[in-house]
Amino acid sequence: MKFAVITHVPHKPVKDSFFAYEPYVREMNLWFKYIDEVEIVAPIVSGEISKIDAAYRHENIHFNEIPSIEFTSLKKAFISILKIPVILAKIYNICKRADHIHLRCPGNIGLLGCLVQVFFPKKTKTAKYAGNWDPLSKQPLSYRFQKWLLNNTFFTKSMQVLVYGEWKEQSRNIKSFFTATYYESDKHDIDDKVLAKKETIFDNEAQKKFLFIGTLSEGKRPLLSAKIILQLLKKGYNVRLDIYGEGKERDVIHKFVKENNMEKHITLHGNTSGDVIKSAYTNAHFLLFLSKSEGWPKVIAEAMFWGCLPISTHVSCIPYMLDYGKRGAVVEANTDKIISVLENYFLDSNKYYKEVKNAMIWSRQFTMEKFDKEISYLVK
């Protein structure tokens, strides 16, 4: 089988390998296990390989470079429009050769792939829509158009569209899906040993530990997490926040921490390994994840797997993941309201442990073994 991947994800070539964002690559390597020949259509960027990059594992990969496009300014939009015919032609030729067309959406390249796939109604196709599929959410026009086209069975045929969450009134193209990080073998290290570390939440003098994990961008609201810690400190609670990730907001958060003399209570760790993150989950009581928009936020599922209770906003499939407040708290992005929710947990051990255990049971369904098995059904 010749498998074509159309994606906006930037790639870094190193000798005969191609590196890209590790969670995406890890997933694609599962797809590639069942494929004879892979053709990837994606942009190439320069730069050093980072801790969050990984390489594909397949002996028969053909890489087809295309220019990246963006519309963040008038000049960039004009240049991008000039590039589009060349990109469309390359995507068309790759799709023509392929037995299976796989689109990664949403994104500018995914949008072009959505248009091209219309001309191949009989070919087997899948699309991974990694963004917010909520039909009622406010999103850019390009995202809404991709969702409409993928959901439309007149223009989009022979397609399975993998989306996060369960939504009403969707076409037969749409398939509720998930993602995974951990294996069945990881489960043995949970339960009593991990839960014992959470008991300190009910000790007034012991430290209550919080995590933020993700890109330090305005949309993920890491600064709001830091502000919540400041208010908890002012109320006399012994708390700390560990922040993992990089992004444009790092300097803003660092300045906030320094101005409020919170160096002993908030630490910015940057990007780090999966083992370090796993240890952080097992030692923390709460994950603060107050993002404006998400697809399937894997950090929430990961935190739940290790008994770290999520406090998160009502976006995308997060209410579904948290069972509308039975596996963590779904909150407004309001400091006072979030602190009130946290104080209820501090005072009610039954509530906290019940939700932690519910979260662990639910999250541990979605292992890499199950993920692998579900992918195998899509390509056979």
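Numbers here are sequence positions counted from 1.
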Asp242/Arg240 ion pair, N-O < 4.0 Å: yes
Residue pair Trp133 / Val161, side-chain heavy-atom distance below 4.5 Å: yes
Side chain to side chain donor-acceptor pair (under 3.5 Å) between Tyr34 and Asp372, worked out: CA-CA 10 Å; Tyr34 306 99; Asp372 188 359; 2.6 Å; yes
Closest non-hydrogen atom pair, Ala303 against Leu287: CB-CD2, 3.9 Å
Close aromatic pair by centroid cut-off 6.0 Å: Tyr182 and Trp306: yes
Centroid-centroid distance, Phe63 to His11, less than 6.0 Å: yes
Closest non-hydrogen atom pair, Ile213 against Leu211: CD1-CD1, 4.0 Å
Salt bridge present between Asp36 and Lys2 (N-O < 4.0 angstrom): no
Arg104/Glu27 ion pair, N-O < 4.0 Å: yes
Ion pair check, Glu48 and Lys12, cut-off under 4.0 Å: no
Asp16 atom CG: more than 12 heavy-atom contacts under 6.0 Å: no
Carboxylate-amine/guanidinium proximity below 4.0 Å for Glu355 and Lys351: yes
Cationic N near anionic O, under 4.0 Å, Asp186 to Arg364: no
Aromatic centroids of Phe346 and Tyr237 separated by under 6.0 Å: yes
Ring center gap for Phe18 and Tyr56 short of 6.0 angstrom: no
Matching residue for Leu103 among Leu112, Ile6, Val116, Thr7 - test: side-chain contact (heavy atoms from CB on, under 4.5 Å): Ile6
Min side-chain heavy-atom separation Val330-Ser312 under 4.5 Å: no
Side-chain donor or acceptor of Lys125 paired with backbone N/O of Gln117 under 3.5 Å: yes
Distance-only donor-acceptor check, side chains Asn271 and His269, under 3.5 Å: no
Check: Tyr353 ring centroid to Tyr345 ring centroid under 6.0 Å: no
Pairwise side-chain contact, Leu288 with Arg221, heavy-atom cut-off 4.5 Å (strictly under): no
Ring centers of Phe210, His285 separated by less than 6.0 Å: no
Minimum-distance pair of heavy atoms, taken over all atoms of Lys209 and Asn283: CD-O, 3.4 Å
Sidechain-backbone polar pair: Thr313 side chain, Ser291 backbone, donor-acceptor under 3.5 Å: yes
For Pro67 against Ile109, the heavy-atom pair lying closest together: O-CD1, 4.4 Å
Check ion pair Glu70-Lys76 (N to O, under 4.0 angstrom): yes
Shortest non-hydrogen separation from Gly165 to Ser176 and the atoms involved: O-OG, 2.9 Å
Closest contact, heavy atoms only, Leu30 versus Ile375: CB-CD1, 3.9 Å
Donor-acceptor side-chain pairing of Glu302 and Thr181 below 3.5 angstrom: yes
Criterion side chain to side chain donor-acceptor pair (under 3.5 Å) on Asn64 and Glu39, from CA distance to verdict: CA-CA 7 Å; Asn64 302 270; Glu39 291 221 50; 3.0 Å; yes
Side chain proximity check, Lys128 to Tyr164, heavy atoms < 4.5 angstrom: yes
4.5 Å side-chain heavy-atom contact, Glu37 and His62: yes
Ring-face cation contact, Phe305 with Lys278, 6.0 Å cut, 45° max: no
pair Phe178-Leu162: side-chain heavy atoms closer than 4.5 Å: no
Contact check, side chains of Ile300 and Leu322, non-hydrogen atoms, under 4.5 Å: yes
Distance-only donor-acceptor check, side chains Ser316 and Asp134, under 3.5 Å: no
Side chain to side chain donor-acceptor pair (under 3.5 Å) between His100 and Thr124, worked out: CA-CA 5 Å; His100 185 128; Thr124 302; 5.3 Å; no
Proximity of Phe366 and Trp296 rings by center, below 6.0 Å: yes
Arg250/Glu246 salt bridge by N-O under 4.0 Å criterion: yes
Salt-bridge criterion met for Lys292 and Glu218 (N-O under 4.0 Å): yes
Aromatic centroids of Phe120 and Tyr92 separated by under 6.0 Å: yes
Worked check of side chain to side chain donor-acceptor pair (under 3.5 Å) between His314 and Glu332: CA-CA 7 Å; His314 192 294; Glu332 297 177 31; over 6 Å; no
Geometric cation-pi criterion Lys157 and Phe154, 6.0 Å radius, 45° cone: yes
